[in-house]
Student: 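Handing you this structure, nothing more for now.
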Amino acid sequence: MEKYCKTIKYDVRLSDFTTFGIGGLAKAVAFPKSEEEFISLYTYLKDVGERFSVIGLGSNLLISDGGYDGVVITTRCMKDLIKEPEGVTASCGISLPHLSRTALFHSLSGAEFMIGIPSSVGGAIRMNAGAFDSCVKDCLISAKVFNGERVEEFGVGELGLSYRNSLIPSLGTVLSAKFRFLPANIRDIESKIEKFRKIRQETQPNLKSAGCAFKGVGGVSAGYYIDKAGLKGMRIGGAEVSEKHAGFIVNRGGATARDVAKLMLVVQEKVLEKFGVLLESEICFLGEYDEDIRRLSHAYDIQSR
Ligand SMILES: Cc1cc2nc3c(=O)[nH]c(=O)nc-3n(C[C@H](O)[C@H](O)[C@H](O)COP(=O)(O)OP(=O)(O)OC[C@H]3O[C@@H](n4cnc5c(N)ncnc54)[C@H](O)[C@@H]3O)c2cc1C
């Protein structure tokens, strides 16, 4: 494999690659540094029939306790960033906070909302990540996507970006993306970033998590229903519905993927019972799960073959 990607680690604990701090062993984790390396590794794995999955920064992932019987390709080392006349072109592994700070550095506005989202560019496009009434769709121009055979550039309108969803799983892997950011007063950009940072600090838990576990419904956050159902603080094993933000499930220490998934099922059931609202998982699942847990993740299959 090293012939195709220089940095490969074997028998790796995937908990080190998720913000939940959860996940069993993978056969190997690969760290391509360039598009060329990514494509040649992907093509090799496909040709030899090895199972593999692509992840970004693991901030929206629940990886099973049994791990993943295959190769995980993380894009975290694909980190080119180019300032363009009308914005920025970023590789898929660039983090959104980095993109936000780069835009600030160039006095460009439009990336302020990205500051507290621990996402990669690729993951953010796949999820159409957003916060504070802005989302990726608002500033994305186009994305370069590899579909396993060729590389294609898609305009933002062709990517099917909607609330925490996109057509990316059926299109392929995002290699890089062009963003449009507009010149603005640097002090204004800075104060917006500071405001967003402060709101997050005040409202979100400082514990391991994958952000909001469920999607909002009809403009109402899942956290609202979970809170009103009296579920804050509910715990299974090391997993807990955050006391600070009911939308977050946090790892209080030693949580397993099973703890988190079971808690999600209970939350889903209670909210359905009380409000007749079926919450849908926002978290993507990787690895093997029991049938009941798989129901949580039906629409969120990971980039894999
Ligand atoms: C503390 C915290 C706060 C958060 N706040 C927010 C928030 O405000 N708004 C929000 O929207 N989300 C938020 N999230 C969730 C998370 O950051 C986003 O869903 C993010 O977009 C996931 O990106 P990632 O790179 O971590 O992807 P991963 O978790 O690694 O993967 C998620 C999915 O994206 C796919 N993927 C990753 N990279 C690529 C690629 N290059 N091409 C194709 N598919 C790819 C994976 O296959 C998988 O299906 C938060 C998470 C945490 C932990």
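Read the numbers this way: they start at 1 and go in the same order the structure lists the ligands and their atoms.
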Student: Please list all pairs meeting ring pair (Phe, Tyr, Trp, His ring centres under 6.0 Å) that have one or both residues in residues 200-236, counting only residues at least two apart or in different chains.
Tutor: Y225-F275
Student: If you count heavy atoms of other groups shown closer than 6.0 angstrom to CD of E152, is the number above 12?
Tutor: yes
Student: When hydrophobic residues are tied together by side-chain contacts of less than 4.5 Å, even through go-betweens, does L81 share a cluster with L96?
Tutor: yes
Student: Could you say whether the N/O atoms of N60 and ligand 1 ever approach to under 3.5 Å?
Tutor: yes
Student: With no hydrogens and no angle check, is any side-chain donor or acceptor of E240 less than 3.5 Å from a backbone partner on N251?
Tutor: no
Student: Check each of L62, I55, V174 against atom 41 (N) of ligand 1 and report the one with the nearest heavy atom.
Tutor: V174
Student: Using modelled atom types only, decide if a donor and an acceptor are shared between the side chain of H106 and the backbone of L108 within a distance under 3.5 Å.
Tutor: no
Student: Record the part of S53 in heavy-atom contact with ligand 1 below 4.0 Å; permitted values are side chain, backbone, both and neither.
Tutor: neither
Student: Going by the order shown, which atoms of ligand 1 are within less than 4.0 Å of some heavy atom of I168?
Tutor: 43 (C), 44 (N)
Student: Could you say whether the N/O atoms of G172 and ligand 1 ever approach to under 3.5 Å?
Tutor: no
Student: Just to check, does K208 reach to within less than 4.0 Å of ligand 1 when the distance is taken from its heavy atoms?
Tutor: no
Student: Quick one: does ligand 1 sit under 4.0 Å from the side chain of S120, the backbone, both or neither, non-hydrogen atoms only?
Tutor: both
Student: With heavy atoms only and a cut-off of under 4.0 Å, state how C92 meets ligand 1: side chain, backbone, both or neither.
Tutor: side chain
Student: Test your reading of the structure: does N128 have an N or O sitting under 3.5 Å from an N or O of ligand 1?
Tutor: no
Student: Quick one: does T19's side chain have a donor or acceptor within less than 3.5 Å of a partner on S209's backbone?
Tutor: yes
Student: Checking the N or O distance criterion of under 3.5 Å, is ligand 1 in contact with R200?
Tutor: yes
Student: Report yes if the distance between the aromatic ring centroids of Y4 and Y42 is under 6.0 Å, otherwise no.
Tutor: no
Student: Measure from atom 10 (C) of ligand 1 to every heavy atom in G211, G130, A143 and give the option owning the shortest one.
Tutor: G130
Student: If hydrophobic clusters are built from ILVMFWY residues whose side chains come within less than 4.5 Å, do V174 and L167 share one?
Tutor: yes
Student: I'd like to know if the side chain of N128 and the backbone of N165 have a donor-acceptor N/O pair within less than 3.5 Å.
Tutor: no
Student: Quick check: does Q204 get an N/O under 3.5 Å from an N/O on ligand 1?
Tutor: no
Student: Answer yes or no for C135: is there a heavy-atom contact with ligand 1 below 4.0 Å?
Tutor: no
Student: What's the spacing between Y68 OH and I55 CD1 if we round to 0.5 Å?
Tutor: 10.5 Å
Student: When you look for heavy atoms under 4.0 Å from ligand 1, do you find them on the side chain of A129, its backbone, both, or neither?
Tutor: both
Student: Is F248 close to ligand 1, meaning an N/O of one under 3.5 Å from an N/O of the other?
Tutor: no
Student: Geometry only, no angles: is T19 polar-contacting ligand 1 at N/O separations under 3.5 Å?
Tutor: no
Student: Is it true that a side-chain atom of S100 and a backbone atom of A111 form a donor plus acceptor pair closer than 3.5 Å?
Tutor: yes
Student: Can an N or O of G56 be found at a distance shorter than 3.5 Å from an N or O of ligand 1?
Tutor: yes
